[in-house]
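Input: a single structure, listed below in structure tokens.
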Protein chains: 2
Amino acid sequence: MAVTIRDVAKAAGVSASTVSRAFSNSELVDPRTRELVLRAAEQLGYLPNRAARGLITGRTGNLGLIVPDLANPFFPEVVKGIQARAREADYSVFLSDTDEDPSAELGLVKALAKQVDGIILCSPRMSADDMREAADCSTLVVVNRRGSNIPAITIDNVDGMRQAVAHLAALGHRRIGYVAGPRSSWSNRERQRGVRTAVAAEDAELVEIGNVPPQFEGGVAAADLVIAADVTAVIAYNDLIALGLLTRLAARGVDVPGELSVVGIDDIPMSAMFSPALTTVSIPKAQCGRAAVELLLQQLATPGVRASSRREVPAQLLVRDTTAVALPTGRGAH
Amino acid sequence: MAVTIRDVAKAAGVSASTVSRAFSNSELVDPRTRELVLRAAEQLGYLPNRAARGLITGRTGNLGLIVPDLANPFFPEVVKGIQARAREADYSVFLSDTDEDPSAELGLVKALAKQVDGIILCSPRMSADDMREAADCSTLVVVNRRGSNIPAITIDNVDGMRQAVAHLAALGHRRIGYVAGPRSSWSNRERQRGVRTAVAAEDAELVEIGNVPPQFEGGVAAADLVIAADVTAVIAYNDLIALGLLTRLAARGVDVPGELSVVGIDDIPMSAMFSPALTTVSIPKAQCGRAAVELLLQQLATPGVRASSRREVPAQLLVRDTTAVALPTGRGAH
DNA sequence: CTGAAAGCGCTAACAG
DNA sequence: CTGTTAGCGCTTTCAG
């Protein structure tokens, strides 16, 4: 069997409690004894058993993470951020992928609750009621959604949209399209709101298109609608949709950005590799992840939702190749 | 505090052990008593504490997963497969991302070992010595690497390369390039070996280019070498490299597939979205993940490495738009 | 500063 | 079939 605290105690010639103290309340033990213990532990290759510790302290040193779909290129970056920050704080992370099934989320929270100190919910799709129930099971932090009085990390979508629209307006676009994502998505509602405000502020015209699924295919499907909408620029709910748009637009012979400017949101790696490279509103994904862990840690230390339990990270427009000056004469025939 | 086995016992009017049995050795308890217990548990919202159970059984019901880089689009799919299969078997999974740091791998294995029943190592970059040491810490299954006598899931790279080369040869290509990935990568060595064999079998000529990092940028960098190599077709170590190749080739004015055919390996989602869509050797990524869990479960049940502890999954050529008949006259000037 | 004792939530003999 | 007893590895009073 593995080497236990008792083996170390024996080897160091002290009691088990001393070994325990040497590993946690380092101040309560004589530095020389401590050194002795640590050396013995090292020698025997002792590593504390977290499960046993958790049993008594009530803290597991684990943290749960639930994402809708790891295959969506947005999430891996967030997960990496969470991972990295969690490791720094000496936490391990349990990962669960719901495969975009909102009804699986609550069950996973409940299953995880016993094994973790807190759970990070990424872009949860569950109902507000389920959210509340989930919050009763464990300490929660939610990313990319707000409501139910749960500590949250969100993106400043409104400002992101403002930047995108200002950019397009500065290029002379007066009639702008927005391809909407899923109706149930909190982010989509925020982005839609942001676009409306920004377009109004620029005194331009907005054409709303969609909703479409937040996938490449959604963009492909929306492209013909965009062409028919007779706009000179279009903002898509996310990069995947924008890329689908670009692909279908090329097939239809529409020149981007010559005839039509396209802006995405997210800045997934693929966007930079595409040609033309996609102009997009970049989201600091890893930073969202780190911030989520930060919030969770803080929540664990001093529970209670307060102003500081919400954190909004900025979005940043990245101008690449799919946006250009609007043709004064409008687009040609296709 | 949470509801314990004792609370349930009291509520059901039985002893703690009976509750315990009702939840595990369901056959050793009277069906009626069992029903009683389960109902009481349900009522109180009881969920067994896995940590406590693990303490005594020695089995945690957890499994560790270490990947080099979740942002590499190859891994999320594998992770999803692992996740899905693990959940079916009622296992939770600890995820760790090493950020491509080989020296972090062994440490993570050791840290994880105490909390899990077994660990899946995805494409580990560590040395063979470290592998052996890791194997002493925990039950291991490795994906995408072979050696050190550890149960492994691998891809039939050699046959994949055979398919790719046969396809190109059938199209009339006689001089084929291979852009090599990292020298330290087991997969790269396998693929290289496969290409050599296949090209020889087709009586064609092979030009080896690289090694380059397995990233988009690696492909961008390799493109000029490929042009200079004067081949009519090129196979890249992975899709990311192939995509970088495509991008730089377009910038250099080389028509794909008109002047040069390109084949990737992996079939990452991006490959299908690119234009032209990339011909690639597809790897059943989720299936690799599932198979890895399968192997681990089997290993946990009956330890010992034997013939059945290795499983090789097939690769499958996907012909898309980047491969075409070689011009009989060779390529034009660039 | 250190040891002895009790117990976290659960399971595994061992008797009934 | 079921209850009692003894711990799993660790932390934490409580006395020294």
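Letters A, B, ... mirror the listed sequences (proteins, then strands); counts begin at 1.
- If you take CG of Asp7(A) and P of dC8(D), they are 11 Å apart, rounded to a whole angstrom.
- As judged by a 4.0 angstrom heavy-atom cut-off over every strand, Thr57(B) is placed among residues touching the sugar-phosphate backbone only.
- Using a 4.0 Å cut-off, no side-chain N or O of Arg50(B) falls inside it from OP1 or OP2 of dC10(C).
- Looking at which nucleotide of DNA chain C each of Gly13(A) and Lys114(A) is closest to, the 5′-most match is held by Gly13(A).
- Relative to the side chain of Leu55(A), the nucleotides dG9(D), dC10(D), dC10(C) differ in distance, and dG9(D) lies closest.
- When distances are taken from the side chain of Thr18(B) to each of dC10(D), dG3(D), dC8(D), the shortest belongs to dG3(D).
- Taking atom CZ on Arg53(B) and atom P on dC10(D), their separation rounds to 21 Å, with Å as the unit.
- Comparing Ala16(B) and Ala51(A) by the nucleotide of DNA chain D whose heavy atom lies nearest to each, the residue mapping closer to the 5' end is Ala16(B).
- dG3(C) atom P lies 11 Å from atom CG of Asp30(A), rounded to whole Å.
- Atom CZ in Arg32(B) sits roughly 11 Å away from atom P in dC1(D) (whole-Å rounding).
- Taking atom CG of Leu28(A) as the reference point, atom P of dG16(D) lies 19 Å away to the nearest angstrom.
- In this structure, Ser15(A) reaches the dG3(C) phosphate: one of its side-chain N or O atoms is under 4.0 Å from OP1 or OP2.
- A salt bridge between Arg85(B) and Glu88(B) is present, with a side-chain N of the basic residue lying under 4.0 Å from a carboxylate O of the acidic one.
- In this structure, the side chain of Asp117(B) engages the main chain of Thr60(B) through a donor-acceptor pair within 3.5 Å.
- Among the nucleotides dG3(C), dG7(D), dG9(D), the one closest to any side-chain atom of Ser17(A) is dG3(C).
- In this model, the phosphate group of dT2(C) is approached by a side-chain N or O of Thr33(A) to a distance below 4.0 Å at OP1 or OP2.
- Summarising the geometry, the separation between CG on Asn49(A) and C1' on dG9(C) is reported as 14 Å, rounded to the nearest angstrom.
- No engagement by Val19(A) is indicated, since no non-hydrogen atom pair under 4.0 Å with the nucleic acid exists.
- For Lys80(A) (side chain) and Asp97(B) (main-chain N/O), no donor-acceptor pair under 3.5 Å exists by modelled atom type.
- Taking atom CZ of residue Arg21(A) and atom C1' of nucleotide dT12(D), one finds them 8 Å apart after rounding to whole Å.
- Distance CD1 (Ile5(A)) to P (dC8(D)): 13 Å, rounded to an integer number of Å.
- Phosphate contact (OP1/OP2 of dC8(C), side-chain N/O of Arg6(B), threshold under 4.0 Å): present.
- Under a 4.0 Å N-O distance rule, the pair Lys10(B)/Asp7(B) does not qualify as a salt bridge.
- Salt bridge Arg39(A)/Glu35(A): present, at least one basic N to carboxylate O contact under 4.0 Å.
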